[in-house]
Amino acid sequence: MIKNIIFVLVGFYLLIRGADYFVDAISSTATNLKIPKLIISLSIVAFGTSAPELFISFQGLLNGNNDVVLANVIGSTIVNTMLIIGIAAIIRPIKIKNETIKKQLPLHLLIILVFAILLLDNIFNSTINTISRSDGIILFLIFLYFIYYIYSYYKKSNHLKENLIHEKPKWNLPVSIIISICGLVAISFGSNLAVDNCVAIARYLHISEKLITMVILVVGTSTPELVMAITSARKGEFDIIIGNIIGSNIFNIGFVLGLPIMILGGVSTNSFNFVDMSIMIISGLILYTFSKDDRKLTRTEGIIMVCIFLSYYTYLFLT
């Protein structure tokens, strides 16, 4: 088991470092191409920080580890929304733009609600809970609408042209592309090590794959989002915080889960119950409600979000 633990640590290192370089390289590419910050945070950075979850989902499905796949996405959504945004708000109250409240947060809440409904089949009938290929297609279509929204928002919002990135890119375009590819390779290899050895440790300790994925894999792969949120909060870059988390969650549900299931087939969801789905829905509702109330997330609201997150994870350990 010591060997498995070492491989998990190596896998996490490759995941985190690979994602770090990937995000920097993608951002550098976008800077070279003069893409605005808001678009980067909603799309490119969101995809970059969701890349570990994408590879973990494919690896889990290929190996038949259904709990790993679903815990990866459900856990990431809860961690991103409740823990990461909560910590960022505690560090510095987050101001929310009106456009985000009217468009982005409702879309974020919608895909969470649709995902939860698709997960809980037995509420509506007596069948076993599953996420089928058709469910994957629905989630992927919502994701495609999100991409269309980003594109149309960019095209229609003339004021974004004033916010084009003028700072010098970290690397030139060819180097940025090469580093992006290397980052993806590190993420892919690291996710293989992390998934395989986390599952091996779980089985050795007779711990459910759901729990070890929710605790170790999810928190580990959410590290890029957490580091970025803390850094952005300190600098007052609120668009990057909210845009990255909304984008990451929609990517996780619609792309990270929807695409692999659409390609490789459905998975059963028996290890996840109404409590798991409720917390995920509550996370989306709380983010929307707190933001809509006064167009900002206060420190008190951040503390509430973190406390709900800790209560849920305590429930996971106790059950």
Side-chain angles (χ1 to χ4, degrees), residues 46 50 53 57 66-67 69-87 89 96 100-125 127 129-132 135-136 138-143 145-146 210-211 213-215 218-219 222 225 242 244-258 261 267-293 297 301-316 318-319:
S50 294
E53 286 92 342
S57 287
N66 294 350
D67 285 353
V69 177
L70 291 171
N72 177 37
V73 174
I74 295 171
S76 292
T77 302
I78 295 171
V79 168
N80 286 346
T81 308
M82 304 302 282
L83 179 65
I84 294 178
I85 291 185
I87 289 175
I96 313 293
T100 300
I101 295 172
K102 287 184 176 180
K103 300 289 186 180
Q104 297 157 20
L105 286 175
L107 181 59
H108 173 254
L109 180 57
L110 172 64
I111 195 169
I112 288 177
L113 289 172
V114 171
F115 179 38
I117 291 171
L118 293 177
L119 275 169
L120 296 173
D121 295 319
N122 61 8
I123 287 182
F124 306 101
N125 53 55
T127 61
N129 284 344
T130 60
I131 291 288
S132 64
D135 294 336
I138 292 172
L139 295 175
F140 190 71
L141 287 175
I142 296 177
F143 166 75
Y145 174 76
F146 173 65
K210 170 189 173 181
L211 181 59
T213 302
M214 294 282 277
V215 175
V218 166
V219 175
S222 293
E225 286 95 334
I242 298 298
N244 181 33
I245 296 304
I246 291 175
S248 292
N249 286 348
I250 294 176
F251 266 87
N252 284 342
I253 297 172
F255 189 74
V256 170
L257 182 66
I261 287 179
V267 297
S268 64
T269 64
N270 290 334
S271 296
F272 296 87
N273 55 39
F274 188 74
V275 174
D276 301 308
M277 297 304 100
S278 296
I279 294 296
M280 187 173 65
I281 293 171
I282 287 170
S283 70
L285 282 170
I286 282 181
L287 178 58
Y288 177 72
T289 303
F290 284 173
S291 300
K292 187 178 180 181
D293 182 39
L297 293 172
E301 290 168 341
I303 292 172
I304 292 172
M305 295 170 77
V306 172
C307 287
I308 292 174
F309 168 81
L310 293 175
S311 298
Y312 171 61
Y313 265 69
T314 300
Y315 159 79
L316 288 180
L318 293 178
T319 57

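Values reported hereafter were calculated over all heavy atoms of this structure, with side chains retained and with hydrogens, waters and symmetry mates removed.
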Side chains of [X] and [Y], heavy atoms from C-beta outward: is any pair under 4.5 Å?
| X | Y | answer |
| --- | --- | --- |
| Phe115 | Ile142 | no |
| Tyr313 | Val79 | yes |
| Leu107 | Tyr145 | yes |
| Leu119 | Leu70 | yes |
| His108 | Thr81 | yes |
| Leu310 | Met82 | no |
| Leu105 | Leu287 | yes |
| Gln104 | Ile250 | no |

Mind checking the [atom1]-[atom2] spacing from [X] to [Y]? Nearest 0.5 Å is all I need.
| X | Y | atom1 | atom2 | result |
| --- | --- | --- | --- | --- |
| Ile282 | Thr289 | CD1 | OG1 | 11.0 Å |
| Leu83 | Ile245 | CG | CD1 | 9.5 Å |
| Met305 | Ile87 | CE | CD1 | 10.5 Å |
| Ile308 | Ile286 | CD1 | CD1 | 3.5 Å |
| Ile281 | Thr77 | CD1 | OG1 | 11.5 Å |
| Ile85 | Ser291 | CD1 | OG | 7.5 Å |

Ile101 versus Tyr288, closest heavy-atom pair with distance
O-CE1, 3.5 Å
Contact summary for Ala89 and Gly302, nearest pair of heavy atoms:
CB-CA, 4.0 Å
Is it true that Ser76 and Asn80 share a donor-acceptor pair across their side chains at a distance under 3.5 Å?
no
Please find out if less than 6.0 Å separates the ring center of Phe143 from that of Phe140.
yes
Given side-chain contact (heavy atoms from CB on, under 4.5 Å), test Ile246 with Thr100 step by step and report yes or no.
CA-CA 10 Å; Ile246 291 175; Thr100 300; 4.0 Å; yes
